[in-house]
Amino acid sequence: KQAFLEMAPNIDLLHIASHAVFDPATPNLSYLQLAQGEKLFLEEVYGLSIPAELVVLSACQTATSAHYGRSVHAFHLAFFQAGVPSVIAGLWDLPDLATSHIMEDFYRSLQTGTGKANALRSAQLALIEADAEAYQHPFFWAGLVVQGDASPIFSQHNTYSSMAIKLLLGLLAIVGL
């Protein structure tokens, strides 16, 4: 957790593949499960400053929100408040294997200069086309949604190597390697 908190202000693209627990009764007790049993609570995310262009939360119910008092609380909203213009988050309990395939194709498409929403759509279609019988039901492919800025991250004028290195370092810090 400490590594994540130290690296978050320096990451251009952040992907958290984790378990998430969203508590609609007390949303501030909701958390992302990090390495070594540590938890990043929703209220902690609201206090961060993250200059990343995109945060991907391939974790269950990270696009779920709840009213708490006079405000709405959700992981994606917390990252928006932290300064992130675009968040991809899960609407329900995401199936691990299907989500993994979608993310691989998403990043492959994103690196070609495709916008975030189109890259996600392309990845979802690729999953269905790869095995229509197994992945036909929307449960497998429709659980991730793009919120916020859907424009491309990469273009022909910039390389993705710098972002890829920062993403890799961010992922390594989160999983505790």
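For the single chain, residues carry numbers from 1 onward in sequence order.
No side-chain heavy atom of Ile11 sits under 4.5 Å from any side-chain heavy atom of Ile50.
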Working for side chain to side chain contact (heavy atoms under 4.5 Å, CB included), residues Leu54 and Val56: CA-CA 6 Å; Leu54 171 64; Val56 178; 3.8 Å; yes

Verdict with reasoning, His15 to Tyr107, per side chain to side chain contact (heavy atoms under 4.5 Å, CB included): CA-CA 11 Å; His15 185 126; Tyr107 284 116; 2.6 Å; yes

Verdict with reasoning, Ser86 to Gln147, per side chain to side chain contact (heavy atoms under 4.5 Å, CB included): CA-CA 6 Å; Ser86 183; Gln147 299 175 356; over 6 Å; no

Side chain to side chain contact (heavy atoms under 4.5 Å, CB included) between Leu13 and Glu53, worked out: CA-CA 6 Å; Leu13 197 159; Glu53 291 188 46; over 6 Å; no

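No donor-acceptor pair under 3.5 Å is formed between the side chain of Glu6 and the backbone N or O of Ala3. With Gln111 contributing its side chain and Phe154 its backbone, the two residues share no donor-acceptor pair below 3.5 Å. Without hydrogens or angle criteria, Lys1 side chain to Lys39 main chain gives a donor-acceptor distance under 3.5 Å. The closest donor-acceptor contact from the side chain of Gln33 to the backbone of Gly37 lies under 3.5 Å. Listed for the Ser100 side chain is no donor-acceptor partner under 3.5 Å among the backbone atoms of Asp96.
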Kindly list each side-chain donor-acceptor pair under 3.5 angstrom involving residues 124-146, sequence neighbours excluded, with atom names and distances?
{"residue": "Gln124", "atom": "NE2", "partner": "Trp141", "partner atom": "O", "Å": "2.7"}
{"residue": "Gln124", "atom": "NE2", "partner": "Leu144", "partner atom": "O", "Å": "3.4"}
{"residue": "Asp131", "atom": "OD1", "partner": "Ala134", "partner atom": "N", "Å": "3.3"}
{"residue": "His137", "atom": "ND1", "partner": "Phe139", "partner atom": "N", "Å": "3.0"}
{"residue": "Trp141", "atom": "NE1", "partner": "Gln136", "partner atom": "O", "Å": "3.1"}
{"residue": "Trp141", "atom": "NE1", "partner": "His137", "partner atom": "O", "Å": "3.4"}

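Ile88 and Phe106 get closest at one heavy-atom pair: CD1-CZ, 3.3 Å. Smallest separation of non-hydrogen atoms from His76 and Ala89: CB-CB, 4.4 Å. Here the shortest heavy-atom pairing between Leu14 and Phe79 reads CD2-CE2, 4.3 Å. Among all heavy-atom pairs drawn from Ala123 and Asp105, the shortest one is CB-CB, 3.6 Å. Listed here is the closest heavy atom pair of Ala20 and Cys60: CB-O, 3.2 Å. Nearest heavy-atom pair across Pro51 and Ala8 is CD-O, 3.6 Å.
In this structure, CD1 in Ile16 is found 9.0 Å from OG1 in Thr62, a value given to the nearest 0.5 Å. Taken from CD1 in Ile153 to OG in Ser151, the straight-line distance is 8.0 Å, to the nearest 0.5 Å. The structure places CD1 of Ile102 at 13.0 Å from CZ of Arg121, a figure rounded to the nearest 0.5 Å.
In the hydrophobic cluster analysis, where Ile, Leu, Val, Met, Phe, Trp and Tyr join through side-chain heavy atoms closer than 4.5 angstrom, Phe41 is grouped apart from Met7. In terms of hydrophobic clustering, with Ile, Leu, Val, Met, Phe, Trp and Tyr side chains grouped at heavy-atom distances under 4.5 Å, Tyr46 and Leu40 are assigned to a common cluster. Under the 4.5 Å side-chain heavy-atom criterion for grouping Ile, Leu, Val, Met, Phe, Trp and Tyr, Leu29 is not connected to Val45 through any hydrophobic cluster. Tyr31 and Leu42 sit in two unconnected hydrophobic clusters of ILVMFWY residues. Membership requires side-chain heavy atoms under 4.5 Å apart, directly or through other members. By the criterion of side-chain heavy atoms lying less than 4.5 angstrom apart, applied directly or through intervening Ile, Leu, Val, Met, Phe, Trp or Tyr residues, Val55 is grouped together with Phe22 in one hydrophobic cluster.
Thr114 meets the side chain to side chain contact (heavy atoms under 4.5 Å, CB included) test with Ser109, Thr112, Asn118, Ala119; sequence neighbours excluded.
Using modelled atom types and a 3.5 Å distance limit, the side chains of Thr26 and Asp23 yield a donor-acceptor pair.
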